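All remarks here apply to the structure that follows.
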Amino acid sequence: MSVAAIGAAGVARAEVPHVAVDIAPVHSLVAQVMGDLGTPELVLPPGASPHGYALRPSEARALQEADLVVWVGPGLTPWLSSALGALAGDAAVLEAMEAEGVTLLDMRESAVFPGHDHDHGDTHAEAHDHDHDHDHDHEHDHAEADAHDHDHDHEHDHAEAEAHDHGHAEEHAHDHDHGQHDPHVWLHPDNATAIVRAVADALSEIDPDNAAVYAANAGAAAERIGALEAELSTRLAPVQGLPFVVFHDGYQYFEAAFGLEAAGAISMSDARMPSAARLAQVRDRIEELGAACVAAEPQFDPGLVAAVAEGVDVRTAVLDPLGMALEPGAELYGAMMRDLASALVGCGADS
């Protein structure tokens, strides 16, 4: 298991565990596993950016009272790392990026992304079994991205993530260097399935009396996610060749799952403010490709999208990878994924 027991968690208890979850999409997956047994607490409120946030007292209390904390990892919410140690010292912690079966993709730092005629990127798929006895062969092709000057603390090899056939993702050892990996893992249905199974395992360790319920709920959630993936694959097929630009590079997993490929991103995966040079690169890319769609996000400055789209015949859409306009709960994940698909299909209509 990828559950780190920080304190005495894992002891059987009469009560259903208190669970705190960082973001709404993962909260939705956890809610599906808990079912009628209980309701997880959402730490990050709707409308807030996960990349930078200051906890309110009620959110700090949710961590203090938690028996289990489920979060994506420090690559998405670095501010939560210290809070876990300070506030949730007696909780078990499940990091979604380390869940067994989760596929990790390298971050893309360049403003524009190469087209469809490139090699597969460095796809990090953890498929080790529960006893961790597997040895993995690690063969991968590295497609280096264009070099750019950035103010980073680490250097990365940049590989594209064209994983249209995600069932054949290459397997690699987990190197625990989350700074290298795109943290938006929940946007791939296969990852969502791996997360619900990991949550069921984590809850079963803490609450073995209800282990069968958690396992059954996770199985039902996995079936729903599989049906959702098939549904969205059909809906998105007409726009698989759509050249689109996103506000921040947070959709690699969605692209990989459904055969899509963004042409560029105004901001990087961590949503930092883009430089003027990066904006110019993205604008040039839009004109070069005749990009049909530029996508904004509800929590970020729409003026940047307007700036790159000004004077260019291009549609705009709003992509919401956090489901900010949706009611938190078990139904949010499916609704969020459908909304992403609808926005792209609408933006690419008649393109």
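Side chains included, hydrogens not; waters and symmetry mates left out as well; all remaining heavy atoms used. Since the structure is predicted, the reported quantities are computational estimates derived from the model, not experimental observations.
Using modelled atom types, one finds a donor on one side chain and an acceptor on the other under 3.5 Å when comparing Asp207 with Tyr214. No hydrogens or angles considered: a donor-acceptor pair under 3.5 Å links the side chains of His248 and Glu297.
Inter-residue side-chain proximity for Leu260 and Leu242 is flagged as unmet; no heavy-atom pair is nearer than 4.5 Å. Using a 4.5 Å cut-off on side-chain heavy atoms (C-beta onward), Arg315 and Val294 make no contact. Contact annotation: the side chain of Leu340 approaches that of Leu187 to within less than 4.5 Å [non-hydrogen atoms, C-beta and beyond]. Considering only heavy atoms from C-beta on, Leu29 comes within 4.5 Å of Ile225 through its side chain. Side-chain contact between Val43 and Tyr53: absent, with no pair of heavy atoms (C-beta onward) separated by less than 4.5 Å. Between His181 and Asp106 there is a side-chain heavy-atom pair separated by less than 4.5 Å. For the pair Val185 and Leu105, the minimum side-chain heavy-atom distance is 4.5 Å or more. With contacts defined as side-chain heavy-atom distances shorter than 4.5 Å, the pair Leu44/Leu80 does not qualify.
Across Ala83 and Leu55, no two heavy atoms sit closer than the pair CB-CD1, 3.7 Å. The minimum heavy-atom distance linking Pro183 with Gly75 is given by the pair CG-O, 3.6 Å. Heavy-atom minimum distance, Leu344 versus Leu319: CG-CD2, 4.1 Å. Counting all heavy atoms, side chain and backbone alike, Leu94 lies closest to Ala202 at CD2-CB, 4.5 Å. Taking all atoms of both residues into account, the shortest heavy-atom contact from Ala111 to Arg278 is CB-CG, 3.4 Å. For the residue pair Leu42 and Ala24, the shortest heavy atom distance occurs at CD1-N, 3.5 Å.
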Under the criterion side-chain contact (heavy atoms from CB on, under 4.5 Å), I'd like the reasoning laid out for Arg108 against Gln252: C-alpha separation, chi angles, the key distance, then a yes or no. CA-CA 9 Å; Arg108 300 180 292 202; Gln252 276 200 90; 3.2 Å; yes
Should Arg224 and Gln32 be marked as a side-chain contact (heavy atoms from CB on, under 4.5 Å) after you check the CA-CA gap, both sets of side-chain angles, and the distance that decides it? CA-CA 10 Å; Arg224 286 193 295 272; Gln32 293 180 52; 2.9 Å; yes
Using side-chain contact (heavy atoms from CB on, under 4.5 Å), reason through Thr77 and Val72 one step at a time and then give a plain yes or no. CA-CA 8 Å; Thr77 53; Val72 173; 5.7 Å; no
Evaluate Arg235 against Glu229 for salt bridge (charged side-chain N to carboxylate O under 4.0 Å, His left out), listing each step before the verdict. CA-CA 10 Å; Arg235 289 182 62 187; Glu229 183 173 14; over 6 Å; no
Which is it for Leu104 and Asp182 under the side-chain contact (heavy atoms from CB on, under 4.5 Å) test, yes or no, and what are the steps along the way? CA-CA 7 Å; Leu104 298 179; Asp182 186 330; over 6 Å; no
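Legend: residues meeting salt bridge (Lys or Arg N to Asp or Glu O under 4.0 Å) with Glu59, ordered by chain and number and at least two apart, are Arg56. With sequence neighbours excluded, the residues that form a ring-ring contact (aromatic ring centres under 6.0 Å, His included) with Phe254 are Phe258.
Asp320 contributes atom CG, which lies 8.0 Å from atom CE of Met336 (distance to the nearest 0.5 angstrom). Rounding to the nearest 0.5 Å gives a distance of 11.5 Å between CD of Glu327 and OG of Ser28. Rounding to the nearest 0.5 Å places CE of Met337 at 10.5 Å from CD of Glu231. We find the CE-CG distance between Met34 and Leu203 to be 6.0 Å, quoted to the nearest 0.5 Å. Residue Glu255 holds its CD atom at 11.5 Å from CG of Leu236, rounded to the nearest 0.5 Å. Atom CE in Met97 sits 10.0 Å away from atom CD1 in Ile195 (nearest 0.5 Å).
Using cut-offs of 30° and 60° on the angle between ring planes, the pair Trp186 and His184 is tilted.
For Arg338 and Glu331, the salt-bridge test fails: no basic side-chain N is under 4.0 Å from an acidic carboxylate O.
Under the 3.5 Å distance criterion, the side-chain polar atoms of Asp67 are left unmatched by any main-chain donor or acceptor of Ala91. A donor-acceptor pair is defined here as one N or O able to donate and one able to accept, closer than 3.5 Å; no such pair exists between the side chain of Trp71 and the backbone of Leu76.
Of the candidates Val70, Val69, Val33, Val70 is the only one forming a side-chain contact (heavy atoms from CB on, under 4.5 Å) with Val19.
Connection of Phe247 to Val318 is not established within any shared hydrophobic cluster, with ILVMFWY side chains joined at heavy-atom distances below 4.5 Å, either directly or through further cluster members.
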